[in-house]
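Data first, discussion second: the structure below is written as structure tokens.
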2 protein chains.
Amino acid sequence: MDAIDARIIRALQRDGRLTNLELAEEVGLSPSPCLRRVRNLEAAGVIQGYTALVDQKACGYPITCLVRIRLANHSQENVQAFEKKIAETEAILDCYLMTGGADYELRIVARSLDDYEQLVRHTIQKLPGIASIETSFAYGVVKKSRILPVRVEKGA
Amino acid sequence: MDAIDARIIRALQRDGRLTNLELAEEVGLSPSPCLRRVRNLEAAGVIQGYTALVDQKACGYPITCLVRIRLANHSQENVQAFEKKIAETEAILDCYLMTGGADYELRIVARSLDDYEQLVRHTIQKLPGIASIETSFAYGVVKKSRILPVRVEKGA
DNA sequence: GCCAGTATTGGCATATTATGCCAATTTACA
DNA sequence: TGTAAATTGGCATAATATGCCAATACTGGC
């Protein structure tokens, strides 16, 4: 990954639908090698995909919650059942294994407080071995970036 | 927004670089009205943009932290200085205003623990009116979805 | 149930873009 | 400096986007 690859990644994070001609112009290459670099980055897994960014509110999900969860015990069954349910539940967008007071932190979206309550009661609390659930609601968004500040790297 | 718009949004979240022909096929429309719907969704702000999803590790950011911050006081100057610095700092990807114990929760990426320490010492702790900083590190990712489960809506 | 008015659709012609190939250039290294 | 490998740029062709127009499908009023 050299400086041109880094510029390609930056540009495609800023606008994932740039045409190859626009991209080539922006990174200072002719279209042909530019496209080849993009395909290489995709094949290498550096670029994992492309997605449309949508307005949560306009799509009916005005509520974002960050939820910290502790498990009573980390038996294989409990962990597997928990992570399987996470994967299946579309309203749970992210789930990280965390250091510190909680085992997991989830980012969850909901259509309403009632909707969120249903999710907690019917999906999360029913899982075996949940020790605690601590919810914080986001009442404002200061920043929401999906652009990793890529610079030149050695290796890969 | 009707059922076809919902399908368009779902499809473009799954793959933001679908060609209009592929998209039209998938949502059951001919290319012409399909493209018009996409442009309308973009103009209405429902689709806010497109982005490439990149591998954090491959780009040199193996570390993700979730950081909870409290301010000592919420004077206009402190809040403005804080949020301005957040906006300027590329390694801070997200920042939410939260209910509960902390005022803000940040998602921060770093190249190394040293890198994270530098960021905290030189950027965050230097801001006026910081009462506390509580960092949790993500040592695993169970789920990382950027697909909002859009269904049919009334209105807009 | 019918009719007028409006919005939406599908098809087509044209402009733009992507893609694969090859020769030329640059880079790496002994 | 010489040689091999990697990368680049240009070109021809295939695929795709875009704007326009007629045809179709919805809507509300009577």
Side-chain angles (χ1 to χ4, degrees), chain A residues 1-55 57-60 146-156, chain B residues 1-55 57-60 146-156:
Chain A
M1 173 138 58
D2 61 7
I4 294 182
D5 283 343
R7 265 181 285 172
I8 288 175
I9 290 169
R10 263 191 179 276
L12 287 178
Q13 285 188 100
R14 182 170 48 70
D15 180 358
R17 292 211 65 143
L18 283 172
T19 68
N20 185 51
L21 296 180
E22 291 166 335
L23 182 62
E25 164 88 9
E26 184 164 337
V27 305
L29 225 51
S30 71
S32 219
C34 182
L35 182 65
R36 216 162 331 132
R37 277 169 178 268
V38 172
R39 295 288 176 262
N40 286 343
L41 289 169
E42 289 167 354
V46 179
I47 295 176
Q48 301 177 315
Y50 301 87
T51 190
L53 304 173
V54 305
D55 182 326
K57 283 184 196 160
C59 292
R146 293 158 206 82
I147 302 184
L148 217 59
V150 187
R151 292 193 200 83
V152 187
E153 292 295 315
K154 14 186 169 182
Chain B
M1 172 138 59
D2 61 7
I4 295 180
D5 282 344
R7 264 180 286 171
I8 289 174
I9 290 169
R10 263 190 180 277
L12 287 177
Q13 285 188 101
R14 183 172 47 72
D15 181 357
R17 291 212 65 142
L18 283 172
T19 68
N20 185 51
L21 297 180
E22 292 166 334
L23 182 61
E25 164 89 9
E26 184 164 337
V27 305
L29 224 51
S30 72
S32 217
C34 182
L35 182 64
R36 217 159 332 131
R37 277 168 178 269
V38 173
R39 294 287 177 264
N40 286 343
L41 288 168
E42 289 167 355
V46 178
I47 295 176
Q48 299 177 317
Y50 302 87
T51 190
L53 303 173
V54 305
D55 182 327
K57 282 184 195 160
C59 292
R146 292 158 206 84
I147 301 185
L148 217 58
V150 186
R151 292 192 201 85
V152 186
E153 291 296 314
K154 14 185 169 184

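Numbers restart at 1 for each chain; the letters A, B, ... are given by sequence-line order, proteins then strands.
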Whole-Å gap separating P (D:dA17) and CZ (B:Arg37): 17 Å
Whole-Å distance separating the CG atom of A:Asp5 from the P atom of D:dT7: 10 Å
Helix axis bend for the helix from C:dG1-D:dC30 to C:dA30-D:dT1 - C1'-based end axes, five pairs, 10° rounding: 60°
Main-chain N/O of B:Glu26 paired with B:Arg7 side-chain donor or acceptor, under 3.5 Å: no
4.5 Å side-chain heavy-atom contact, B:Glu25 and B:Pro31: no
B:Leu18 CG - D:dA15 C1' separation (whole Å): 15 Å
Within-4.5 Å side-chain heavy-atom neighbours: B:Arg17 and A:Leu12: yes
Euclidean distance, atom CG of residue A:Asn20 to atom C1' of D:dT16 [Å, nearest integer]: 14 Å
Touch class at under 4.0 angstrom, heavy-atom based, for A:Ser32 against every strand present: base
Interatomic distance, B:Leu35 atom CG to B:Asn20 atom CG [nearest 0.5 angstrom]: 4.5 Å
B:Glu22 side chain reached by B:Asp15 side chain, heavy atoms, under 4.5 Å: no
Side-chain touch B:Asp5/B:Asp2, heavy atoms, less than 4.5 angstrom: yes
Opening and closing nucleotides of DNA chain C in contact with chain A, under 4.0 Å to non-hydrogen atoms: C:dT17 to C:dC21
Pairs flagged by side chain to side chain donor-acceptor pair (under 3.5 Å) wherever residues 44-53 of chain B is involved - sequence neighbours left out: B:Glu42-B:Tyr50
Gap between atoms CG and P, on A:Leu35 and D:dA12 respectively (whole Å): 19 Å
Spacing of CE belonging to B:Met1 relative to CD1 belonging to B:Ile8, to within rounding of 0.5 Å: 11.0 Å
Spacing of SG belonging to B:Cys34 relative to CZ belonging to B:Arg39, to within rounding of 0.5 Å: 10.0 Å
Whole-Å distance separating the CG atom of B:Asn40 from the P atom of D:dT18: 13 Å
Sugar-phosphate only, base, or nothing, as touched by A:Thr19 at under 4.0 Å among non-hydrogen atoms: sugar-phosphate
Whole angstrom value for the distance that separates P of D:dT18 from CG of B:Leu21: 11 Å
